[in-house]
Amino acid sequence: MDIFDGLSMLGGLSLFLFGMSIMGQALERRAGGRLRDILGRLTTGRTAGLLTGLGVTAVIQSSSAATVMVVGFVNSGLMTLKQAIHVIMGANIGTTVTAWVLSLAGIESSHLLVQLLKPSSFTPILAAIGIVCYLFCKSAAKKDTGAILLGFATLMFGMEAMSGAVAGLSQVPAFRELFLLFQNPVLGVLAGALLTAVIQSSSASVGILQALAVTGQVTYGAAIPIIMGQNIGTCVTAMLSAVGANKNARRAAMVHLSFNVIGTGMWLTVFCLVKALFSPALLDEPISLFGIAAAHSVFNLLCTLLMLPLSGMLERLVIRLIPDGEKAEAVAELDERLLATPSIALERCREVAVDLAETAAEALREGLTAFDDSSPALAESIEEREERTDRFEDILGTYLVRLSSQPVSEADSMEAAKLLKIIGDWERIADHGVSLLRSAQELRSKGIAFTPEARAGYQVIAAAVNEILDHSLTAFVRNDREAAMRVEPLEQVIDILKESLRTGHIRRLQEGTCSIGAGFVWSDLLTDLGRTADHCSNIAGCVLDMEEHSMNLHQSLRAFREDSPEFRESYQGYLKKYAAPVS
């Protein structure tokens, strides 16, 4: 092996790692909705958690990425430590899929159909299909499919380049002696752990081992300890991601490390005993690509079978290793670790946005009751809710902007844009709740009271605003088109009602039945209610836009008002329901 083989090896490794990264990202974008469905079915059951971890890791082709996701979920309060344990176990099994795919390169047969199964036969075809999809298709889904095929083709070309570059090592005595050295199980475990810790991917390190196996110098006795060590090395990514997280997230990362260390320790002991007592001839035989894939799968399955019944003990162990502190730790609403999986991060953003919306709606409802309830508890509740919505808007806006810079699908990009537009409207609705509270406090502090006619008018418009708020919240939380379509006609009626009540107030001023002081408060109150209805209209309009895959809010609302018979029917119904009281 000369310097040019070394350069080929380096280039092949680079292509291999790049292809794996591109394929994983594209798979994640393509399966974003399915990932959310899988994770939405999480339960505390062992089997459900195990299958969840297996499925997610099989999709994104990285147990390290899956475990980092789990750490983020635990840090955000989306997953309990008990759930995380089972998901991590499943992730260790799911990561073995890559080795089986790479092992296809080891197929040897003169039969045409068998030869077609070799990656060198079908990879060029996949690359050609992939480049056509990626360059010439407009659909984001088809582009992602193209990226998956191109990533896989790049990965396989890199694998072949590595295999070709190291083929000459079979004649190098030093290389043979190196792998004889790894016959020492402890050195093999350390080598596997170190390699995987450096490249932070057990799938990639197994692929490198498979490339080296084509030399015929890698025996079962050397490969099995290296594979065991790779499971420990892959924990580095999760341990690094847990830095700065809360204690439960650190415990989740520690579960990953403890699971692999204990499993490796137990089965390495069994391996050493078998080797010492029976000296199987198989251990001295050269390992094939299929043999590496099989050893990887069997070892991970054995670790899971060993530790699954002991998951409760594992939980108690990590709690002892990372004990509870005296000070309670906050749960992160949005965890940066989730940005590695944009579709999951977006789902978490939506959950936080729903919390923001419900908090803002409740602040406005409480503000509407402030004219009848002067309790300090109500005032404190409204102000706390408004501060909470301010904080949510700030962290959500920042997080969504960062999320939008990640490679996401077209549908996820539109969802992120919708959330960015809507959270500002919900935050302003909470502000109007506080403004209503201030108006009520001003009336009481100055000893001013509305006239009976004004109070009757307020009851009508407050009821209308309550209803439009309910429709907007339902439309947003459930993506309910029917609820969204009821908002715009009611907003138009509230505008008419607001002007009617403003006109009535001017008449009362002229007649001397209402004071100037009450008039200022009345004007502010009507402005708050009218603007609340406007924000509700914006929210419902965004929901309707998403249904039409459009982001042109004003055009959508204008078309709905002008062309929809449903609008006219609802509008007439609301006009009768919320007629201004005669005064």
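- L368 and L436 get closest at one heavy-atom pair: CD2-CD1, 3.8 Å.
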Handout entry: side-chain contact (heavy atoms from CB on, under 4.5 Å) assessment of M239 paired with M254
Key = CA-CA 7 Å; M239 296 300 291; M254 184 59 71; 4.1 Å; yes
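- Note: N300 CG to N92 CG = 5.0 Å, rounded to the nearest 0.5 Å.
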Practice task
Apply side-chain contact (heavy atoms from CB on, under 4.5 Å) to S570 and L490, showing your working.
Solution key: CA-CA 8 Å; S570 296; L490 183 50; over 6 Å; no
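- Using a 4.5 Å heavy-atom cutoff, the side chains of T304 and L301 are not in contact.
- Of all non-hydrogen atoms in Y574 and H471, the two that sit nearest each other are OH-NE2, 3.3 Å.
- Interatomic distance, R385 CZ to L364 CG, rounded to the nearest 0.5 Å: 12.0 Å.
- In this structure, the side chains of R388 and D355 come closer than 4.5 Å at one or more pairs of heavy atoms.
- Not a single donor-acceptor pair under 3.5 Å links the side chain of S537 to the backbone N or O of A533.
- The shortest side-chain heavy-atom distance between D545 and K418 does not fall under the 4.5 Å cut-off.
- From H535, atom NE2 reaches atom CZ of R531 across 8.0 Å, with rounding to the nearest 0.5 Å.
- Contact between L150 and A127 at its shortest, heavy atoms only, is CD2-O, 3.6 Å.
- Between D495 and K498, the closest side-chain pair of non-hydrogen atoms falls below 4.5 Å.
- The distance from atom CD of E393 to atom CG of L356, rounded to the nearest 0.5 Å, is 7.5 Å.
- Within 6.0 Å of CD on E482 lie no more than 12 heavy atoms contributed by other residues, nucleotides or ligands.
- Distance check: T389 OG1 to D394 CG gives 11.5 Å after rounding to the nearest 0.5 Å.
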Exercise for the section: Apply the test side-chain contact (heavy atoms from CB on, under 4.5 Å) to residues L346 and Y399: give CA-CA distance (whole Å), side-chain angles for both, the deciding distance (0.1 Å), then the verdict. Expected result: CA-CA 9 Å; L346 183 60; Y399 197 86; over 6 Å; no
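- The backbone N or O of P323 lies less than 3.5 Å from no partner atom in the side chain of K247, so there is not a single donor-acceptor pair.
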Practice task
Show your working on side-chain contact (heavy atoms from CB on, under 4.5 Å) between I539 and V487 and close with a plain yes or no.
Solution key: CA-CA 9 Å; I539 292 164; V487 170; over 6 Å; no
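- With T96 contributing its side chain and I93 its backbone, the two residues share a donor-acceptor pair below 3.5 Å.
- Residues T95 and H296 form a side-chain contact, since some pair of their non-hydrogen atoms from C-beta on lies under 4.5 Å apart.
- Closest of all the heavy-atom pairs between G207 and F16 is CA-CZ, 3.8 Å.
- Checked for salt-bridge contact, R350 and E347 miss the test: no charged N lies under 4.0 Å from a carboxylate O.
- Looking at every heavy atom in both residues, I22 comes nearest to G151 through CG2-CA, 4.2 Å.
- Distance check: I88 CD1 to L50 CG gives 12.0 Å after rounding to the nearest 0.5 Å.
- Side-chain polar atoms of D528 and S435 form a donor-acceptor pair below 3.5 angstrom.
- No donor-acceptor pair closer than 3.5 Å links the side chain of S381 to the backbone N or O of A377.
- Taking a 6.0 Å sphere around CZ of R391, one finds it holds more than 12 heavy atoms contributed by other residues, nucleotides or ligands.
- A salt bridge links E383 and R438; the closest N-O separation between the charged side-chain nitrogens and carboxylate oxygens is under 4.0 Å.
- A heavy-atom distance below 4.5 Å is not found between the side chains of T234 and Q230.
- Residue T264 comes nearest to N260 through the heavy atom pair OG1-O, 2.7 Å, listed as atom of the first residue, atom of the second, then distance.
- Contact of the V543 side chain with the R481 side chain is not registered, since no non-hydrogen atoms from C-beta on lie closer than 4.5 Å.
- We find that D425 and R428 are not joined by a salt bridge, their nearest charged nitrogen and carboxylate oxygen being 4.0 Å or further apart.
- L473 is not listed as a side-chain neighbour of L469, based on a closest heavy-atom distance of 4.5 Å or more.
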